[in-house]
Amino acid sequence: MTAGLRTPLMLADAHGRVATDLRVSLTDRCNLRCTYCMPAEGLQWFPGEDVLTDAELGRLLRVGVELLGITKIRFTGGEPLLRRSLEHIVADAKSLRTRTGGTPELSLTSNGIGLDKRVSALAAAGLDRVNISLDSLDPQRYAAIARRDRLDAVLAGLAAAEAAGLLPVKVNSVIMRDANEIDVVPLAEFCLERGYQLRYIEQMPLGPRHQWDRSKMVTQAEILARLGERFELRPATEPRGAAPAELWRVAPDATQPGGLLGVIPSVTAPFCGACDRTRVTADGQLRTCLFSRTETDLRTPLREGATDAELAELWAGAQSLKAAAHGIGEPGFVPPSRTMSAIGG
Ligand code: SAM
Ligand code: SF4
């Protein structure tokens, strides 16, 4: 153990939760402008010198895995494929050893653009799984939501992930009223046919300012009602654990092989009580929740010579103060000042 650490630390909080799943953002930049995430004109990107270097990131990942009990790392952004050194970052993370002597489970949340060209190298570097965002199979509706005409590139990325054996391929779809409610069933059919696991996500107030309107959010109940008109659905018996998705098993029929569909009801049925996550932004700020209104600066102490043990203590201390729940819908709820792409979804 690193000198100076009293006992093995863990990322425990006052509400009985222990974080073992790290979401790390590799960049705040993106090549899409999804309406629920970013304004059309983009955002003021972080200055280059604020973004953690590969070496700084590698050190934080090592502290998280070796000193704090992290067992899963998800790389996100912005668009993590825009980080040219992603293969190197993945290989570095895969060389770490968890407290039980295993390797950390590594996954990527991506819009899929350009994944076809990099997925073999990423899999060889140690990437285990991918979640690809896909909100419509209709090129025009896809382009209206992403504000870029890139559906073909996303589909190529999905097929390549499957071919590279990053299974099960997971697909994320944010469903919005008057935008892609009509895609709920076609997206399910597409994913069931290919064995992809689709998760519908309720839109959260993490996009451009003043854009979110609870009455316009498509709820889990509405999504299930649409699915119920087409499929025979039963709650899945698979344990949910700390996973945010409520899973439903679709019975096979003459046109599709059956499988699992999930809904992430972040707003109407929050899963905060089982949350096992901790987050680091691309500019080195620790956040204990997507909706945190406070952050803990890890980058400055990292650059000013803090030891691994000091960084671990700082991280564990901040995590211990994690709020019990995000509080969307409660009186006085205020969304965080950072939007989704600057946090890392
Ligand atoms: N660019 C990558 C992507 O789109 O998958 C990774 C970053 S993105 C911020 C991560 C996930 O957050 C995506 O699945 C995206 O659909 C979701 N997301 C973004 N803004 C959201 C919002 N306001 N509510 C719910 N989900 C959102
Ligand atoms: Fe980019 Fe992902 Fe945000 Fe879409 S959801 S704008 S792909 S970061």
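Whatever order the structure lists ligands and atoms in, that order sets their numbers, starting from 1.
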**Student:** For T109 and ligand 1, does the shortest N/O to N/O distance drop below 3.5 Å?
**Tutor:**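 No, no N or O pair falls under 3.5 Å.
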**Student:** By the definition salt bridge (Lys or Arg N to Asp or Glu O under 4.0 Å), identify the one residue from K170, K72, K94 that meets it with D128.
**Tutor:**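 Filter result, single survivor: K94.
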**Student:** Are any of the N/O atoms on G77, whether in the backbone or the side chain, positioned under 3.5 angstrom from an N/O atom of ligand 1?
**Tutor:**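 No, there is no polar N/O contact under 3.5 Å.
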**Student:** Relative to ligand 1, is V174 under 4.0 angstrom through side chain, backbone, both or neither, heavy atoms considered?
**Tutor:**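 Looking at V174 and ligand 1, just side chain atoms fall under 4.0 Å.
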**Student:** For atom 27 (C) of ligand 1, what's the nearest protein heavy atom and its distance?
**Tutor:**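 Heavy-atom neighbour on the protein nearest atom 27 (C) of ligand 1: M340 CE, 3.6 Å.
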**Student:** Any side-chain donor paired with an acceptor under 3.5 Å for T281 and R287?
**Tutor:** no
**Student:** Do any nitrogen or oxygen atoms of E79 come within less than 3.5 Å of a nitrogen or oxygen of ligand 1?
**Tutor:** yes
**Student:** At a 4.0 Å threshold, what atoms of ligand 1 neighbour a non-hydrogen atom of G78?
**Tutor:** 1 (N), 2 (C), 6 (C), 7 (C)
**Student:** Students should be able to answer this: which protein heavy-atom is nearest to atom 4 (O) of ligand 1, and at what distance?
**Tutor:**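 Heavy-atom neighbour on the protein nearest atom 4 (O) of ligand 1: S133 OG, 3.2 Å.
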**Student:** I need the nearest protein heavy-atom contact for atom 24 (N) of ligand 1: residue, atom name and distance, please.
**Tutor:** M204 N, 2.8 Å
**Student:** In terms of residue, atom name and distance, what is the protein heavy atom nearest to atom 21 (C) of ligand 1?
**Tutor:**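 That would be Y36 CD1, 3.5 Å.
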**Student:** Between E304 (side chain) and R299 (backbone), is there a donor-acceptor pair under 3.5 Å?
**Tutor:**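 Not confirmed, E304 side chain does not pair with R299 backbone.
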**Student:** Taking NZ, NE, NH1 and NH2 as the nitrogens, is one of them in R177 or E181 under 4.0 Å from a carboxylate oxygen of the other?
**Tutor:** yes
**Student:** What is the minimum heavy-atom distance between A121 and E87, and which atoms define it?
**Tutor:**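 Minimum heavy-atom contact is CB-CG, 3.9 Å.
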**Student:** Purely on distance, is any nitrogen or oxygen of N131 under 3.5 Å from one on ligand 1?
**Tutor:** no
**Student:** Salt bridge or not between D92 and R62? Use side-chain N to carboxylate O under 4.0 Å.
**Tutor:**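 No, D92 and R62 are not salt-bridged.
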**Student:** Decide if atom CD1 of I182 counts as having more than 12 heavy atoms of other residues, nucleotides or ligands within a radius under 6.0 Å.
**Tutor:** no
**Student:** Please determine, by modelled atom types, if E79 and S110 share a side-chain donor-acceptor pair under 3.5 angstrom.
**Tutor:**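 Yes, because at least one side-chain N or O of E79 sits under 3.5 Å from a partner of the opposite role on S110.
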**Student:** Under a plain distance cut-off of 3.5 Å, with no hydrogens placed, do R74 and N131 share a side-chain donor-acceptor pair?
**Tutor:**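 The criterion, which ignores hydrogens and geometry beyond distance, is satisfied for R74 and N131.
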**Student:** Do you know the tightest heavy-atom contact between G345 and T76?
**Tutor:**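 Smallest interatomic distance, heavy atoms only, reads O-OG1, 3.0 Å.
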**Student:** Can a salt bridge be assigned to the pair D54 and R83 using a cut-off of 4.0 Å between side-chain N and carboxylate O?
**Tutor:**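 The answer is yes: the pair qualifies as a salt bridge.
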**Student:** For ligand 1, note which part of S266 has a heavy atom under 4.0 Å away: side chain, backbone, both or neither.
**Tutor:**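 Neither part.
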**Student:** Under 4.0 Å from a heavy atom of E202: which atoms of ligand 1 are those, numbered in the order shown and with their elements?
**Tutor:** 25 (C)
**Student:** Answer yes or no: does an N/O atom from G345 fall short of 3.5 Å to an N/O atom of ligand 1?
**Tutor:**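 In this structure, G345 places no N or O atom under 3.5 Å from an N or O of ligand 1.
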**Student:** Which of the numbered atoms in ligand 1 are below 4.0 angstrom from a heavy atom of T76?
**Tutor:**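 Here the atoms of ligand 1 in question are 6 (C), 7 (C).
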**Student:** Honestly curious: do V184 and L233 fall in one hydrophobic cluster under the side-chain, below-4.5 Å linking rule?
**Tutor:**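 Shared cluster, yes.
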**Student:** Is there a donor in the side chain of S136 and an acceptor in the side chain of D138, or the other way round, less than 3.5 Å apart?
**Tutor:** no
**Student:** Show which atoms of ligand 1 fall inside a sub-4.0 Å distance from at least one heavy-atom site of N111.
**Tutor:**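 Under 4.0 Å from N111, ligand 1 has these atoms: 2 (C), 3 (C), 5 (O).
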**Student:** At a 4.0 Å cut-off, with the gap strictly under it, does some heavy atom of G344 reach an atom of ligand 1?
**Tutor:** no
**Student:** Looking only at heavy atoms, what is the nearest atom pair of S25 and G344, with distance?
**Tutor:**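 Residues S25 and G344, closest heavy atoms: CB-CA, 3.9 Å.
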**Student:** Quick one: which ligand 1 atoms are inside 4.0 Å of a heavy atom on N172?
**Tutor:**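 Near N172, the atoms of ligand 1 are 14 (O).
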**Student:** Under 2.8 Å from atom 1 (Fe) of ligand 2, which protein N/O/S atoms are there?
**Tutor:**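 As for protein N, O or S atoms lying under 2.8 Å from atom 1 (Fe) of ligand 2, they are C30 SG.
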